[in-house]
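Okay, so here's the structure we're looking at.
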Amino acid sequence: MAKTVLIIDDVGFDRIIISALLRQSGFEVIDEASNGIDGIEKAMELQPDLITLDKRMPDMNGLEVLENLRSKNYNKDIVMISGDDVDSIKEEAMKLGVKTFFNKPISRERLKTELGKLF
């Protein structure tokens, strides 16, 4: 059975690309959220095996979403995908339990390799 994924990203085109890459890699994208608040609600309701989380979003950034999910005892895997290539952001995300950090644009090969390590 395919692992389920929730994509949280405010950019529709990025959600389409990430979704396609995940499906090509054998994952089942069960839903998408265009903002952090909606993403938190969907994560708690759907309990996906994996969340892909954008760092930069208008209502709350990915680190805030991550902190919120962890405070609600959401302990499943989360990976962050961002256009920001700043080591301090990566370090903070990893401290909050992010399994891996992808920079945009993301390649199918790297996505498949890194997520293969998780599952």
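Position 1 is the first residue of the sequence, and the numbers go up from there.
Using a 4.5 Å heavy-atom cutoff, the side chains of K3 and L115 are not in contact. Counting only heavy atoms from C-beta outward, the side chains of S25 and R108 approach each other to under 4.5 Å. No side-chain heavy atom of N61 sits under 4.5 Å from any side-chain heavy atom of M57. Between N68 and M44, the closest side-chain pair of non-hydrogen atoms is not below 4.5 Å.
The shortest heavy-atom contact between E32 and D38 is O-OD2, 4.5 Å. Across R15 and S34, no two heavy atoms sit closer than the pair NH1-CB, 3.5 Å. The two residues A43 and P48 have their closest heavy-atom pair at O-CD, 3.6 Å. For the pair V29 and R23, the tightest heavy-atom approach, listed with the atom from each and the gap, is O-NH2, 3.4 Å. Nearest heavy atoms, D10 versus P58: OD2-CD, 3.5 Å.
If you chain together hydrophobic residues whose side chains sit under 4.5 Å apart, I37 and V11 never meet in one group. In this structure, I78 is a member of the same hydrophobic cluster as I8, with clusters built from ILVMFWY side-chain heavy atoms closer than 4.5 Å. Tracing side-chain contacts under 4.5 Å through hydrophobic residues (I, L, V, M, F, W, Y), one never reaches I81 starting from F101; they form parts of separate clusters. I106 is not connected to I51 by any chain of hydrophobic side-chain contacts under 4.5 Å among Ile, Leu, Val, Met, Phe, Trp and Tyr, and they are in different clusters. L46 and I40 sit in two unconnected hydrophobic clusters of ILVMFWY residues. Membership requires side-chain heavy atoms under 4.5 Å apart, directly or through other members.
Listed by chain and number, the residues in a salt bridge (Lys or Arg N to Asp or Glu O under 4.0 Å) with D31 are K42 (sequence neighbours excluded). Residues passing the salt bridge (Lys or Arg N to Asp or Glu O under 4.0 Å) test with R56, sequence neighbours excluded: D84. Checked against salt bridge (Lys or Arg N to Asp or Glu O under 4.0 Å), D14 has the following partners two or more places apart in sequence or in another chain: K104. Every residue meeting the side chain to side chain contact (heavy atoms under 4.5 Å, CB included) condition with I17, not counting sequence neighbours, appears here in chain and number order: F13, L21. Residues satisfying the side chain to side chain contact (heavy atoms under 4.5 Å, CB included) test with T100, not counting sequence neighbours, are V79, F102, R110, E114. Under the rule for a side chain to side chain contact (heavy atoms under 4.5 Å, CB included), the partners of D77 that lie at least two apart in sequence or sit in another chain are L50, K99, L118, F119.
Interatomic distance, E41 CD to L6 CG, rounded to the nearest 0.5 Å: 11.5 Å. We find the CD1-CD distance between I30 and Q47 to be 9.5 Å, quoted to the nearest 0.5 Å. From E64, atom CD reaches atom CG of L53 across 11.0 Å, with rounding to the nearest 0.5 Å. Taking CG from D9 and CG from N35, the interatomic distance works out to 11.0 Å, rounded to the nearest 0.5 Å. Within the model, atoms CG of D54 and OG of S82 stand 6.0 Å from one another, a figure rounded to the nearest 0.5 Å. Of the inter-residue distances, the one linking L111 atom CG with Q24 atom CD reads 9.5 Å to the nearest 0.5 angstrom.
Put simply, the side chain of S19 never gets that close to the backbone of I16: no donor and acceptor are under 3.5 Å apart. Remark: side-chain polar atoms of R70 are paired, donor with acceptor, to backbone N or O of Y74 under 3.5 angstrom. Although no hydrogens or angles enter the test, the distance criterion places a donor-acceptor pair under 3.5 Å between the side chain of D49 and the main chain of T4.
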